[in-house]
K.L.:
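Pasting a structure here, questions to come.
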Amino acid sequence: MGFWEQFADITLATIKDVIPIVVILFGFQFGVIRRRIANLRKVLVGFVYVVLGLALFLLGLEKALFPIGRLMAEQLTDPDFIRAWSGPSDMGLRWYDYFWVYIFAFAIGASTTIAEPSLIAVAMKANEVSGGSIGVWGLRIAVAIGVAIGISLGAWRIVTGYPIYWFIIAGYIIVVIQTFFAPKMIVPLAYDSGGVTTSTVTVPLVAALGLGLAETVPGRSALIDGFGLIAFASLFPIITVMAYAQIAELRTKRSKIMD
């Protein structure tokens with residue numbers, strides 16, 4: 001399939017996805033609120049930009065990020081590659097022999113989260129609503145660190161074979177405890193930050209890593225062990241965002257005491 005033909009197909013699919021949103025927005029505007037839309041021409045042009053931007057974005061993902069993500073996952077989880085770094089052993093591969101997988105999981109989790117459009121949008125709105133007290137880059141980095149830790153820990157879980165519910169239960173216990181001590185302003189944003197990370201950029205690469213790892217580690221099931229990394233990517237940003245707010249609050253209190 002040629003480039004323009006593929007771009008046209010993705011654009012048509014994007015239009016179909018956007019149409020329900022347009023119908024709901026305009027339907028409520030004219031049917032419920034019953035008011036004209038200010039600057040209607042600019043709004044319509046904006047929708048055209050959204051469609052074209054999403055189409056180009058999805059095409060870029062399909063042409064570049066998806067293939068290289070699958071390739072990296074397959075290469076890093078290849079037993080021959082792992083043995084080349086860990087050296088020959090009669091005991092077979094051990095969990096710490098997959099250290100390049102953990103490093104890659106951390107790096108890809110942080111980088112894809114920083115580039116996540118939904119997180120950028122939420123960070124900008126949080127900065128605007130809070131009057132600048134919540135920094136755009138501070139929030140993005142806090143979320144990125146959480147995703148990176150979560151995905152690398154999830155990769156270690158796949159290698160070791162521990163049940164996923166141990167980690168999820170322990171993580172949410174930490175979240176509940178943090179909720180009582182974190183600044184009230186940041187708690188709802190922290191919970192939302194966990195959701196916006198699992199979007200168009202992060203999910204395909206993380207899923208490819210999890211499935212590739214589960215298919216190459218002996219004794220693992222792609223269906224049972226290959227999935228679950230997305231849950232880690234959603235959980236740990238909640239912890240790191242609230243921790244970021246708690247550290248910032250503690251530093252503010254200490255500076256006031258010192259003054």
Side-chain angles (χ1 to χ4, degrees), residues 1-31 37 39-78 104-105 107-125 140 143-144 147-148 150-151 154-155 192-216 222-223 225-234 237:
M1 185 181 295
F3 170 82
W4 291 110
E5 185 180 354
Q6 190 172 8
F7 177 68
D9 289 342
I10 293 177
T11 303
L12 289 175
T14 304
I15 292 173
K16 292 179 182 178
D17 293 337
V18 172
I19 283 176
I21 303 174
V22 175
V23 170
I24 291 172
L25 291 177
F26 281 87
F28 268 80
Q29 182 68 33
F30 294 116
I37 298 176
N39 301 317
L40 179 60
R41 184 177 178 181
K42 291 183 178 180
V43 172
L44 294 176
V45 171
F47 271 112
V48 173
Y49 288 159
V50 167
V51 170
L52 291 177
L54 285 174
L56 288 170
F57 180 70
L58 293 173
L59 183 62
L61 286 178
E62 189 171 336
K63 290 288 187 181
L65 286 183
F66 292 176
I68 197 171
R70 287 192 293 266
L71 180 62
M72 290 294 293
E74 292 171 0
Q75 292 175 337
L76 285 170
T77 55
D78 186 355
F104 176 74
I108 202 67
S111 59
T112 54
T113 304
I114 288 292
E116 195 66 68
S118 54
L119 176 60
I120 296 173
V122 169
M124 292 173 63
K125 284 298 180 182
R140 291 173 66 185
V143 174
V147 174
I151 295 176
D192 280 349
S193 299
V196 298
T197 56
T198 53
S199 189
T200 48
V201 178
T202 309
V203 170
L205 294 176
V206 172
L209 175 64
L211 290 172
L213 191 58
E215 288 171 355
T216 54
L223 183 60
D225 301 301
F227 297 97
L229 284 182
I230 307 302
F232 283 82
S234 300

K.L.:
Do Leu44 and Val48 make a side-chain contact, defined as non-hydrogen atoms from C-beta onward lying under 4.5 Å apart?
P.N.:
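Counting from C-beta outward, Leu44 and Val48 never come under 4.5 Å.
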K.L.:
What pair of heavy atoms forms the shortest contact from Ala155 to Leu213, and how long is it?
P.N.:
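Looking at all heavy atoms of both residues, the shortest contact is O-CD2, 3.4 Å.
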K.L.:
CG of Asp9 to CG of Leu59: how many Å apart, nearest 0.5 Å?
P.N.:
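Going from CG on Asp9 over to CG on Leu59, the span is 10.5 Å.
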K.L.:
Grab the two heavy atoms, one from Gly194 and one from Pro237, that are nearest each other, plus how far apart they are.
P.N.:
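Result for this residue pair: CA-CB, 4.2 Å.
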K.L.:
What closest approach, in Å, do Val143 and Ser193 show between heavy atoms, and which atom pair accounts for it?
P.N.:
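Here Val143 and Ser193 meet closest at CG2-CB, 3.7 Å.
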K.L.:
Could you check whether atom CZ of Phe26 has more than 12 heavy atoms from other residues, nucleotides or ligands sitting under 6.0 Å from it?
P.N.:
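Count over threshold, so yes.
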K.L.:
Determine the minimum heavy-atom distance between Val147 and Ala233, stating which atoms define it.
P.N.:
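It is CG2-O, 3.6 Å.
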K.L.:
For the residue pair Phe7 and Ala55, what are the closest heavy atoms and their distance?
P.N.:
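That would be CE1-CB, 3.9 Å.
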K.L.:
Quick one: side-chain contact (heavy atoms from CB on, under 4.5 Å) partners of Phe104, sequence neighbours excluded?
P.N.:
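In terms of side-chain contact (heavy atoms from CB on, under 4.5 Å), with neighbours along the sequence ignored, Phe104 is linked to Met72, Leu76, Ile108, Leu209.
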K.L.:
Can you list, pair by pair, the side-chain donor-acceptor contacts under 3.5 Å of residues 13-24, counting residues two or more places apart and other chains?
P.N.:
| from | atom 1 | to | atom 2 | distance (Å) |
| --- | --- | --- | --- | --- |
| Thr14 | OG1 | Ile10 | O | 2.7 |

K.L.:
Can you tell me how far apart CG (Asp192) and NZ (Lys125) are? Round to the nearest 0.5 Å.
P.N.:
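Here the interatomic distance stands at 14.5 Å.
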K.L.:
Given side chains that start at C-beta, do those of Val51 and Phe47 come closer than 4.5 Å, heavy atoms only?
P.N.:
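Not touching, per the 4.5 Å side-chain cut-off.
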K.L.:
Residues in side-chain contact (heavy atoms from CB on, under 4.5 Å) with Ala123, at least two apart?
P.N.:
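side-chain contact (heavy atoms from CB on, under 4.5 Å) list for Ala123, sorted by chain: Val136, Leu139, Arg140.
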